[in-house]
Protein chains: 2
Amino acid sequence: MERADVIPLLGEVFRAHGFEGASLSAITAGTGLGKGSLYHFFPGGKEEMAAAVLQDIDGWFERAVFAPLRDEPDAAAAIRASLAAVEQYFRSGRRVCLVGVFALGEVRDRFADEVEGYFARWRAALAAALQRAGRPEAEARDTAEDAVLTIQGALVLARALDDPAVFTRALARLEHRLFG
Amino acid sequence: MERADVIPLLGEVFRAHGFEGASLSAITAGTGLGKGSLYHFFPGGKEEMAAAVLQDIDGWFERAVFAPLRDEPDAAAAIRASLAAVEQYFRSGRRVCLVGVFALGEVRDRFADEVEGYFARWRAALAAALQRAGRPEAEARDTAEDAVLTIQGALVLARALDDPAVFTRALARLEHRLFG
DNA sequence: GTCTATAAAGCGATAGAC
DNA sequence: GTCTATCGCTTTATAGAC
């Protein structure tokens, strides 16, 4: 077992329990690793584990969502592809956004840079794509902000109502709003 | 000091720390009450405190938002008024939604009825108002869901970016989408 | 690299004085 | 109704065997 293999498992534990709720015993249960191994990989304890998870998630979004939105020549196609990637990543509404969970908690301040950076880059990358797709700058920025927050809100409401369809409906409306 | 006076203070503590993060010492700090008084008012401990807070919030929304949406003769005016009430309640994006915070955590399942009920009644009341305002039923339901989730997402993003203006902009766009 | 044992602190909750 | 003292348990983190 390597450090890199542990991080996704840690991610699911933090996603399910939040930062304060993710006790070491929940983490050992979720990873199958004892405290000894955990502290061997992450000498900084829970804080280092959470930081590693945030970096891992950020890296995934950077590669799969942000970079294509910024660089793909066909901006409209990149936007559509990013929505599909997001739908898959959040398991069609059955999975929650860890960065969003952290953002709402007091833990937000401890990881302020990571949380802010994630959402700021998402919004900026989508705004850039919308502008390349022909929208005026101000409208592109507004629409991008609306899209990012719609995805977050859809995840909240889907979990609140225990109805993943809320998320898929919201993404469908969003796509219609972006292109229709 | 009466039980009813404590509940709003408890609400702010749970809002800031979440359920698991709201330790008894945080609660004593936030309320100014020792454990003795706390357990005198809420023999069931933290769980009873959180339940009381959820009920209090639900009661406020029922009176100030849901009931007017359902009953006001002028549906359009009721919708506008509800948005204004929501903007004020969430302090223009500086305050987070406690029910949304609970919804994202594992604590959601412990208060499943309260969390589901709050959002389901919000969505239903807004859908009813939109229908009375002339929208076809399916469109009214869709639009109501979009509105509720937009508000939640706006709160997440506003806190993530530490920028309350994200929330006020989202509400402005929402009003435009509902009427413009 | 993984484990068990253990430390020190904090947790939720209770008891009982006033 | 509010307090302090205390219980039993869990927490994060460390130490050291293997």
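Letters go in sequence order (proteins before strands), and every chain restarts at 1.
- Here the P atom of nucleotide dT12(D) and the CZ atom of R110(A) are 11 Å apart, to the nearest Å.
- Rounded to an integer number of Å, the gap from D5(B) CG to dG1(D) P is 12 Å.
- The two residues V86(B) and W122(B) have their closest heavy-atom pair at CG2-CZ2, 3.7 Å.
- Residues E20(B) and R110(B) are not paired through a salt bridge, judged by the lack of any N-O separation under 4.0 Å between the basic side chain and the carboxylate.
- Closest approach to the K46(B) side chain among dG12(C), dT2(C), dT11(D) is made by dG12(C) (side chain taken as heavy atoms from C-beta onward).
- Residue-level contact check: A22(B) touches the backbone only, with heavy atoms under 4.0 Å from sugar-phosphate atoms and none from bases.
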Q: Would you check, one step at a time, whether the test salt bridge (charged side-chain N to carboxylate O under 4.0 Å, His left out) holds for E145(A) with R141(A)?
A: CA-CA 6 Å; E145(A) 184 168 288; R141(A) 265 193 286 120; over 6 Å; no
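- The minimum heavy-atom distance linking M1(B) with F41(B) is given by the pair O-CZ, 3.4 Å.
- Atoms CG (L24(A)) and C1' (dG10(C)) sit 14 Å apart, rounded to a whole Å.
- Residue contacts for G45(B): at a heavy-atom cut-off of 4.0 Å it reaches the sugar-phosphate backbone alone, with no base atom in range.
- As rounded to whole Å, 13 Å separates atom C1' of dC11(C) from atom CE of M49(B).
- Listed nucleotides: dT2(C), dT12(D), dC3(D). Nearest to the side chain of K35(A): dT12(D).
- Look at CZ on F42(B): it is 12 Å from P on dG1(D), rounded to the nearest Å.
- Atoms CD (E2(A)) and C1' (dG1(C)) sit 12 Å apart, rounded to a whole Å.
- Residues R177(A) and T150(A) have side chains that bring a donor and an acceptor to within less than 3.5 angstrom of each other.
- Picking from dA13(C), dT2(C), dC11(C) the nucleotide with the shortest atom distance to the side chain of F41(A) gives dT2(C).
- Phosphate contact (OP1/OP2 of dT10(D), side-chain N/O of S25(A), threshold under 4.0 Å): absent.
- Distance from the side chain of H40(A) is smallest for dG1(C) among the nucleotides dT2(D), dA13(C), dG1(C).
- Minimum atom distance to the side chain of Y39(B) is reached by dT14(C), of the listed dT14(C), dC11(C), dC3(C).
- The distance between atom CG of L38(A) and atom P of dT14(D), rounded to the nearest whole Å, is 13 Å.
- For the OP1/OP2 pair of dC3(C) and a distance below 4.0 Å, the side-chain nitrogens and oxygens of S37(A) include at least one atom meeting the criterion.
- When the P atom of dC11(C) is taken as reference, atom CD of E20(B) falls 14 Å away, rounded to whole Å.
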